[in-house]
Peer 1: 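So that we are looking at the same thing, I have put the structure below in structure tokens.
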Amino acid sequence: GSGRVRAQREVVVGSRIKLATVDPERNPTWSKRYDTSGGGLREGSLVVARGERFRTIDMFDMYNYEMSGQQPRLTGLSVEQKVSSALQYVNAERSITVYTVQGHGEKTLADYSLAAEVDGENYERKDLNLLTSAAVPPDADILLVLSPRSDLPAQDAEKLRAWLAAGGRAVFLLDVQ
């Protein structure tokens with residue numbers, strides 16, 4: 001650490017919200033619980049938690065940036081949006097689960113610069129390889145099929161048809177050339 005002594009503070013805001021300042025170095029068990037990246041919590045990060053559900057907001061995610069040449073340029077704050085989204089997440093009864101179909105050379109949400117957007121809407125993201133799965137998992141709310149580079153084998157297409165016929169929802173993005 002930096003040698004500075006950080007006080008641990010706790011403030012009750014209203015009857016349902018408690019704010020606490022926690023030093024991750026002095027509370028490694030607490031820090032490990034909320035470290036979603038595996039790289040440790042950065043000083044200045046926010047954790048919004050309720051029961052077992054939590055969202056960790058990295059200090060750098062609280063700002064909007066724009067690339068200006070080789071250097072990022074600060075364009076605004078997004079603290080309110082991030083905290084509001086985290087509060088909605090921890091108070092939701094359940095998350096909407098979005099499966100991204102894999103195994104046919106599909107693109108990813110990151111390829112479309114959509115991963116952060118999907119996370120910001122509090123969707124739980126999972127991958128689904130139809131080649132190794134007997135069916136679409138029962139917790140799937142939405143399937144994303146993102147520009148497969150090869151045709152889906154008949155058995156994979158049938159798994160999708162069966163799921164859609166049972167009321168499942170899907171988004172297909174296709175590159176047409």
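Computed from a predicted structure; not experimentally measured.
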Peer 1: For Ser45, which residues count as a side-chain contact (heavy atoms from CB on, under 4.5 Å) partner, sequence neighbours excluded?
Peer 2: Arg42, Asp58
Peer 1: Restricting to non-hydrogen atoms, name the atom on Ala134 and the atom on Lys159 that form the minimum distance, rounded to 0.1 Å.
Peer 2: O-CE, 3.6 Å
Peer 1: I'd like to know if the side chain of Ser147 and the backbone of Lys107 have a donor-acceptor N/O pair within less than 3.5 Å.
Peer 2: no
Peer 1: To the nearest 0.5 angstrom, please state how far the CD atom of Glu106 sits from the CG atom of Leu173.
Peer 2: 11.0 Å
Peer 1: Hey, does the side chain of Arg53 reach the backbone of Asn91 with a donor-acceptor pair shorter than 3.5 angstrom?
Peer 2: no
Peer 1: Would Arg55 and Asp61 pass as an ion pair if we require N to O under 4.0 Å?
Peer 2: no
Peer 1: Would Met59 end up clustered with Leu41 when hydrophobic side chains under 4.5 Å apart are linked, directly or stepwise?
Peer 2: no
Peer 1: In the hydrophobic cluster built from side-chain contacts under 4.5 Å, what are the other members alongside Leu164?
Peer 2: Tyr99, Val101, Leu128, Leu130, Val136, Leu143, Val145, Leu152, Leu160, Trp163, Phe172
Peer 1: Taking C-beta and beyond as the side chain, do Thr36 and Phe54 meet within less than 4.5 Å on heavy atoms?
Peer 2: yes
Peer 1: When rounded to the nearest 0.5 angstrom, what is the spacing between CZ in Arg125 and CD1 in Ile142?
Peer 2: 13.5 Å
Peer 1: Taking atom CZ of Arg169 as the centre, report whether more than 12 heavy atoms of other residues, nucleotides or ligands fall under 6.0 Å from it.
Peer 2: no
Peer 1: Do Tyr34 and Ile57 sit in one hydrophobic cluster, given that two such residues count as connected whenever their side-chain heavy atoms are within less than 4.5 Å of each other, even indirectly?
Peer 2: no
Peer 1: Any side-chain donor paired with an acceptor under 3.5 Å for Ser37 and Asp35?
Peer 2: yes
Peer 1: Could you tell me the separation between the CG atom of Asn122 and the CD atom of Gln88, rounded to the nearest 0.5 Å?
Peer 2: 6.5 Å
Peer 1: Not counting sequence neighbours, which residues clear side chain to side chain donor-acceptor pair (under 3.5 Å) with Lys32? List them please.
Peer 2: none
Peer 1: Show which side-chain atoms of residues 62-77 pair as donor or acceptor with protein atoms under 3.5 Å away, not counting sequence neighbours.
Peer 2:
residue: Glu66; atom: OE2; partner: Arg73; partner atom: NH2; Å: 2.7
residue: Thr75; atom: OG1; partner: Asn64; partner atom: O; Å: 3.1

Peer 1: For the pair Arg33 and Val47, evaluate side-chain contact (heavy atoms from CB on, under 4.5 Å) and give the outcome as yes or no after the intermediate values.
Peer 2: CA-CA 10 Å; Arg33 177 176 181 205; Val47 175; over 6 Å; no
Peer 1: Checking Arg50 now: which residues fulfil salt bridge (charged side-chain N to carboxylate O under 4.0 Å, His left out) with it, not counting sequence neighbours?
Peer 2: none
Peer 1: Are side-chain heavy atoms of Lys126 and Asp139 found at a separation under 4.5 Å?
Peer 2: yes
Peer 1: Look at the side chain of Asp141 and the backbone N and O of Val98, then say whether any donor-acceptor pair between them is shorter than 3.5 Å.
Peer 2: no
Peer 1: Which heavy atom of Arg149 sits nearest a heavy atom of Gly105, and at what distance?
Peer 2: CG-O, 3.2 Å
Peer 1: Any chance CD of Gln155 has more than 12 other-residue heavy atoms, nucleotides or ligands included, within less than 6.0 Å?
Peer 2: yes
Peer 1: Say you draw a straight line from CG of Asn129 to NE2 of His104; how long is it, rounded to the nearest 0.5 Å?
Peer 2: 7.0 Å
Peer 1: Could I get the full list of side-chain contact (heavy atoms from CB on, under 4.5 Å) partners for Thr100, not counting sequence neighbours?
Peer 2: Gln102, Leu109, Asp127, Leu144, Leu146
Peer 1: Taking atom CG of Asp119 and atom CG of Leu114, what is their separation to the nearest 0.5 Å?
Peer 2: 10.5 Å
Peer 1: Under 4.5 Å between any side-chain heavy atoms of Asp23 and Ser31, yes or no?
Peer 2: no
